[in-house]
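Notes for the one structure printed next.
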Amino acid sequence: MSDTFFITTAIDYTNGKPHIGHAYEKVLADVLARFQRLAGRPVFFLTGVDQHGQKVQQSAEKQGVNPQEFVDTLTASFVALWDKLDVRYDRWAATTAPSHKDCVRKILQRLHDEGQLYKATRQGYYSVRQEQFLTDKERGEDGQFGPEWGEVVFLEEENYLFRLAEHRDWLLHLLDQNPHLVQPDFRRAELRNAVEKLSGDLTVSRPKARLSWGIEFPFDPDFVTYVWFDALVNYISFAPGYDPAPNADLSEFRRHWPALHLIGKDILIPAHGVYWPIMLKALGFKDSEIPTLLVHGWWNIAGSKMSKSLGNIVDPDVLADRYGPEALRYYLMSDIATGRDADFSEERLVQRFNADLANSLGNLLNRTLNMAQKYRQGVLTAPSQPEHLDLVREALPVEAAAADYRAAFEQHAVHQALEAAFRLVAACNQFIDSQKPWAVAKNPDQAGLLDAILYALADSLRVTAILISPVLPKAARAIFGQLNLDAPFQIEDARRGLLPTGHQLGTPTPVFPRIEPSAPAA
RNA sequence: GGGCCUGUAGCUCAAUGGUUAGAGCAGGGGACUCAUAAUCCCUUGGUUGGGGGUUCGAAUCCCUCCAGGCCUACCA
């Protein structure tokens, strides 16, 4: 069992610019990774891009550049966006990297040697224009292939196949024995149904004459590998210490593996739920080394799927520029339940930012620091009287919030974790209004009470900053700055009473300036 | 055609078969002045998609229909 939290995302296909779905997945992975770092666990976060394949080859030809140039340009736009959104990964998986190609070839060679790959002839109808085999799905009402396919010819083609079907029962058994392997559980049910129907093996090659932009088979230069043994393999080829040789020393690899694969619901079946575990099994992975799949939902636009043809693509780059990267991160994490779909709304992004961040948390920080400066020159005194300690303990549920927060994160329920953090914020605002520190300040006899109130508020803000830090790392750091703290964030410190008497607070500057509704909209 | 998921307040979501279905936001009213025209209090708002059934009791379990989504399949 590994001690590292190894998280991966899907690697994005470099045939178009990143959209909001790409951004959501990477931010979610980043947030889960940051939470684990906060909890003191070693983290390895792998993400990247899938650069091979026919669409890339075609798009590059259309632009008159070579495929590598084409993918380099698009890859740069992904890298720049993750940088802008503060997605902090540990390694970048780009499938044209020599080390990756080398690993893929070794895996293919090994599976070939062990009889898991075989060559077979396939025949069927082939669209010359689309450069793909057609199934009966593509037939129209009249049983004919429509004009969109252009010239359709009957073709016979040799290809390599991977022995998938023989592992079907193993996979069924594995899924039944390890319910946690696919989350949420309704996705597991879906996958199980699909596995039960599994029949036939998997084509893993394309003849080079038809597709040149790919990894060549080491034992047959007439073929390149087709997506599965290229893209999926990134999870191990870029993992620390993996070596596909049958008797390799995998001790370093095993300190990291197995991974938590964060994927979208569109690629669970068949790629990640069927092909990938069976590929690993064929490579000698034990049942306990099969990775967990965390399947997330989609952001719809006004109830319908985001798609190029509908022209409703949401550009995360534009949103980050318009509202700030952290406003976008907060919206993406707070307004969807992990695993479910949600509706994307720019208006709602603004609403949530203003309500939660500007009005509740930002204003709390501001009013707390202002009062501390006005009444105590920003110097804190820890409460000592039992009645004050009791008052604060009863009013501000610091430990409960932290506990709920952790429990939510263990289930990857980021939105619930944020809710827990904001329950503490709400309690602080209520506490201020009920205690009326501005009135207490007028009575010198109540100096101890005022100190206790101000201390509890500053201390709670410290805890809140820690709790929001996985989602809002920059804002959390800014809050720490105004509290005059520079300690690293750690979940262990999410408990009350860690500020020393005499601690000098800083002065307030709005961390979350309200977004005015009149601001330019889409 | 088969399978799976979803449907709860205007919006986003909660409710091991068990008080009168809750919370946040939005809407309405009020209070306060430390604060980013913020905050706090009160409040409007529901045939839990429809219809049957099981039960002392159903948002929850069963059947059926409707709407949306996803997967899958060689009927014509």
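Proteins get letters first, then strands, A, B, ... in listed order; numbering begins at 1 in each.
Counting to the nearest Å, the P atom of B:rC41 and the CZ atom of A:Phe431 are 14 Å from each other. Rounding to whole angstrom units, CD of residue A:Glu196 and C1' of B:rA73 are separated by 15 Å. Atoms CD (A:Glu419) and C1' (B:rC13) sit 7 Å apart, rounded to a whole Å. A:Phe422 places its CZ atom 12 Å from the P atom of B:rC25, with the value rounded to the nearest Å. The interatomic distance linking A:Ile515 (CD1) with B:rC25 (P) rounds to 17 Å, in whole Å. Here the C1' atom of nucleotide B:rA38 and the CZ atom of A:Phe353 are 14 Å apart, to the nearest Å. Rounded to whole Å, atom P of B:rC25 lies 10 Å from atom CG of A:Asn359. The distance between atom CG of A:Leu365 and atom P of B:rU36, rounded to the nearest whole Å, is 11 Å.
Distances shown here put every side-chain N or O of A:Arg514 at or beyond 4.0 Å from the OP1 or OP2 atom of B:rA37. Between A:Lys374 and B:rA35 there is a side-chain polar atom (N or O) within less than 4.0 angstrom of OP1 or OP2. Look at A:Gln430 and you won't find any side-chain N or O under 4.0 angstrom from OP1 or OP2 of B:rU39.
The same atom, P, is picked in B:rC42 and in B:rC4; the two are 45 Å apart, to the nearest Å. Across the P atoms, B:rG29 and B:rC65 are found 48 Å apart, a figure rounded to whole Å. With P as the reference atom, B:rG45 and B:rA23 are 14 Å apart, rounded to whole Å. Taking atom C1' on both nucleotides, B:rC25 is separated from B:rA38 by 16 Å, rounded to a whole Å. Only the P atoms considered, B:rA21 is 15 Å distant from B:rG49, to the nearest whole Å. Between B:rG18 and B:rC75, the two P atoms lie 44 Å apart (nearest whole Å). Comparing the same atom, C1', in B:rC40 and in B:rG24 gives a spacing of 16 Å after rounding to whole Å. Going from the C1' atom of B:rG10 to that of B:rA76 covers 48 Å, rounded to whole Å.
A:Asp451 pairs with exactly one of A:Gln446, A:Arg376, A:His388 by the side-chain hydrogen bond (donor to acceptor under 3.5 Å, both in side chains) rule, that one being A:Arg376.
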Query raised in the report: How far apart are the C-alpha atoms of A:Arg34 and A:Asp30, what are their side-chain angles, what is the distance that settles it, and do they pass the salt bridge (charged side-chain N to carboxylate O under 4.0 Å, His left out) test?
Result: CA-CA 6 Å; A:Arg34 284 177 190 267; A:Asp30 181 62; 2.8 Å; yes
Query - Check against side-chain contact (heavy atoms from CB on, under 4.5 Å), A:Phe344 and A:Asp335 - result: CA-CA 9 Å; A:Phe344 185 88; A:Asp335 218 36; over 6 Å; no
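Below 30°, between 30° and 60°, or above 60°: for A:Tyr24 and A:His296 the angle between ring planes is above 60°, a perpendicular geometry.
Heavy-atom nearest nucleotides on RNA chain B were determined for A:Arg352 and for A:Ala355, and the one closer to the 5' end corresponds to A:Arg352. Nearest-nucleotide positions on RNA chain B for A:Leu361 and A:Pro270 put A:Leu361 closer to the 5' end.
Looking at the side chain of A:Ile269, the nearest of the listed nucleotides B:rC71, B:rU39, B:rC13 is B:rC71. For A:Arg348, the listed nucleotide lying nearest its side chain is B:rC11; candidates were B:rC11, B:rA35, B:rC40. Residue A:Asp433 places its side chain closer to B:rU39 than to any other of B:rU39, B:rA35, B:rU33. Listed nucleotides: B:rU39, B:rU36, B:rC32. Nearest to the side chain of A:Trp438: B:rC32.
Taking the six-membered ring where the residue is Trp, the centroids of A:Phe480 and A:Phe489 are separated by under 6.0 Å. Between A:His167 and A:Tyr275, a ring centre-to-centre spacing not shorter than 6.0 Å is recorded.
Among the heavy atoms of the strands lying under 4.0 Å from A:Pro513 is at least one base atom, whether or not backbone atoms are also near. Across all strands, A:Ala358 comes closer than 4.0 Å to base atoms (heavy-atom distances). Looking at heavy-atom distances under 4.0 Å, A:Asp341 makes contact with sugar-phosphate atoms alone, never a base. Residue contacts for A:Asn363: at a heavy-atom cut-off of 4.0 Å it reaches a base atom on one of the strands shown.
A:Tyr226 and A:Gln54 share no side-chain donor-acceptor pair at under 3.5 Å.
Using Watson-Crick or G-U wobble geometry with both donor-acceptor distances under 3.5 Å, B:rG1 finds its partner in B:rU72. Within the shown strands, B:rA67 is the pairing partner of B:rU6 under the Watson-Crick or G-U definition, both distances less than 3.5 Å. A 3.5 Å limit on both hydrogen-bonding distances identifies no Watson-Crick or G-U partner for B:rA58. When Watson-Crick and G-U wobble pairs are counted only if both distances are under 3.5 Å, B:rC11 pairs with B:rG24. Here B:rA31 sits opposite B:rU39 as a Watson-Crick or G-U wobble pair (both hydrogen-bonding atom distances under 3.5 Å).
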All N/O donor-acceptor pairs, side-chain side in residues 458-471 of chain A, below 3.5 Å, sequence neighbours left out:
residue: A:Asp459; atom: OD1; partner: A:Arg462; partner atom: NE; Å: 3.0
residue: A:Asp459; atom: OD1; partner: A:Arg462; partner atom: NH2; Å: 2.9
residue: A:Asp459; atom: OD2; partner: A:Gly497; partner atom: N; Å: 2.4
residue: A:Ser460; atom: OG; partner: A:Ala456; partner atom: O; Å: 2.8
residue: A:Arg462; atom: NH1; partner: A:Asp493; partner atom: O; Å: 2.7
residue: A:Arg462; atom: NH2; partner: A:Arg495; partner atom: O; Å: 2.7
residue: A:Thr464; atom: OG1; partner: A:Ser460; partner atom: O; Å: 2.8
residue: A:Ser469; atom: OG; partner: A:Ile466; partner atom: O; Å: 2.7

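Heavy atoms of other residues, nucleotides or ligands lying less than 6.0 angstrom from NZ of A:Lys84 number more than 12.
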Under 3.5 Å, which protein N or O atoms sit close to an N or O of nucleotides 1-3 of chain B? Give each pair with its distance.
residue: B:rG3; atom: O2'; partner: A:Asn193; partner atom: ND2; Å: 2.7

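How far CG of A:Leu181 is from CG of A:Leu171: 9.5 Å, rounded to the nearest 0.5 Å.
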